[in-house]
S.K.: 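To start, I am sharing the structure in question, which I have written as structure tokens.
Scope of the values below: all heavy atoms of this structure, side chains included, with no hydrogens, waters or symmetry mates. First the proteins, then the strands, lettered A, B, ... as listed; each starts at 1.
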2 protein chains.
Amino acid sequence: MRLTTKGRYAVTAMLDLALHIDQGPVSLADISERQGISLSYLEQLFAKLRRADLVCSVRGPGGGYRLSREGQDIYVAQVIDAVNESVDATKCKGAGGCQQGVTCLTHHLWQDLSEQIHTFLDGISLADLVARREVQNVADRQDGQQDNKIAVDTIL
Amino acid sequence: MRLTTKGRYAVTAMLDLALHIDQGPVSLADISERQGISLSYLEQLFAKLRRADLVCSVRGPGGGYRLSREGQDIYVAQVIDAVNESVDATKCKGAGGCQQGVTCLTHHLWQDLSEQIHTFLDGISLADLVARREVQNVADRQDGQQDNKIAVDTIL
DNA sequence: GCAATACCCGAGTATTTTAGTCAACTATTA
DNA sequence: TAATAGTTGACTAAAATACTCGGGTATTGC
């Protein structure tokens with residue numbers, strides 16, 4: 001699991017899509033203008049998102065992209081995985097100078113952590129994020145934050 | 001919040017430190033050998049970890065690094081932040097072509113998410129990770145995974 | 001049918017980050 | 001005082017990121 005600006009671009013673009021889905025297909029040019037991401041870069045990202053079956057395209061005038069399914073069925077982890085590919089795990093892929101010793105121990109620890117982050121993001125859908133923002137004006141995040149300990153304990 | 005191999009190196013090294021803390025100061029040469037990270041690269045990482053007050057150093061023969069406080073008081077998020085610096089937020093830092101419109105909306109959504117990941121990692125200490133691994137032999141992760149939904153709901 | 005729209009695709013490139021090297025230096029201990 | 005080990009800074013190779021360019025192809029509306 002990696003979290004880079006590339007993944008952020010992808011999630012941002014997907015959120016833009018989710019927010020404008022009622023207006024029919026959304027063109028990359030629109031997303032580019034709204035989100036300040038270069039058109040050609042978006043094309044590259046959406047090629048990957050399409051291969052991952054997260055979006056589908058409509059060609060021709062008035063065309064654009066559309067979520068391939070409902071926002072509540074698309075998870076943040078899927079979006080990030082789609083553009084990041086090759087998660088290359090732990091450098092020592094079973095083989096290598098990584099025996100039974102401490103090396104494998106800490107490597108596994110990191111892998112566990114990485115898995116937990118992935119699982120965490122796999123539980124957040126685009127719809128969750130959109131809903132959260134829409135609701136936010138009402139309950140302006142007086143909550144959250146301190147519930148964290150409980151959540152971590154539950155996952156851990 | 002960014003999650004790169006750099007952060008993984010830092011967390012791995014800190015875990016190595018946490019695991020060998022009973023043996024007095026741990027030299028970077030030891031960590032380098034055990035974890036397969038180049039010595040000079042470790043030096044750069046530990047310079048940052050030291051500046052962030054996560055480790056303290058002991059010079060001279062038999063010297064090395066030591067956690068600056070107990071493992072349960074050092075959180076994964078702190079380690080990653082220390083080596084990653086400049087989280088550069090959302091490109092539009094208040095100013096720029098980011099008005100009241102949709103741009104700010106989705107940017108904020110991403111920022112919220114980023115904050116949540118940060119909060120999540122801020123609840124996991126080095127001691128948690130070490131303990132988890134030690135317990136793992138007993139309850140070999142038949143659990144986990146499906147508890148995720150609950151956890152996310154709690155945070156969200 | 002034809003022009004405009006907008007996706008599709010591959011090659012190329014500038015910038016940044018990552019990962020690592022090298023060399024000189026300082027503090028500490030045996 | 002020699003060996004150890006942290007401290008610092010400059011420098012570099014390789015990879016990832018972010019972006020450009022130039023051509024495609026499918027679709028629609030006039």
S.K.: Does B/Ser57 place a side-chain N or O at less than 4.0 Å from the phosphate oxygens OP1/OP2 of D/dT7?
M.R.: yes

S.K.: Check whether any side-chain N or O of A/Arg59 sits under 4.0 Å from OP1 or OP2 of D/dT25, and answer yes or no.
M.R.: no

S.K.: Given C/dC7, C/dA19, D/dC19, which nucleotide is nearest the side-chain atoms of A/Leu28?
M.R.: C/dC7

S.K.: What's the closest nucleotide to the B/Thr4 side chain, out of D/dT8, D/dA18, C/dT18?
M.R.: C/dT18

S.K.: State which of D/dG6, D/dT28, C/dT28 makes the closest approach to the side chain of B/Pro61.
M.R.: C/dT28

S.K.: Looking at C/dC7, C/dT18, D/dT7, which one has an atom nearest to any side-chain atom of A/Tyr65?
M.R.: C/dC7

S.K.: Atom CD1 of A/Ile31 to atom C1' of C/dA6: distance rounded to whole Å?
M.R.: 12 Å

S.K.: Rounded to whole Å, please give me the gap between CZ in A/Arg66 and P in C/dC7.
M.R.: 12 Å

S.K.: Look at the side-chain N and O atoms of B/Ser40 and state whether any lies under 4.0 Å from the OP1 or OP2 oxygen of C/dC22.
M.R.: no

S.K.: Can you tell me if B/Glu43 has over 12 outside heavy atoms packed within less than 6.0 Å of its CD?
M.R.: yes

S.K.: Using a cut-off of strictly less than 4.0 Å, decide whether B/Arg2 has a side-chain nitrogen or oxygen near OP1 or OP2 of D/dT17.
M.R.: no

S.K.: Do the side-chain N or O atoms of A/Arg51 get closer than 4.0 angstrom to the phosphate oxygens (OP1, OP2) of C/dC8?
M.R.: no

S.K.: To the nearest angstrom, how far is A/Gln44 atom CD from D/dC21 atom C1'?
M.R.: 12 Å

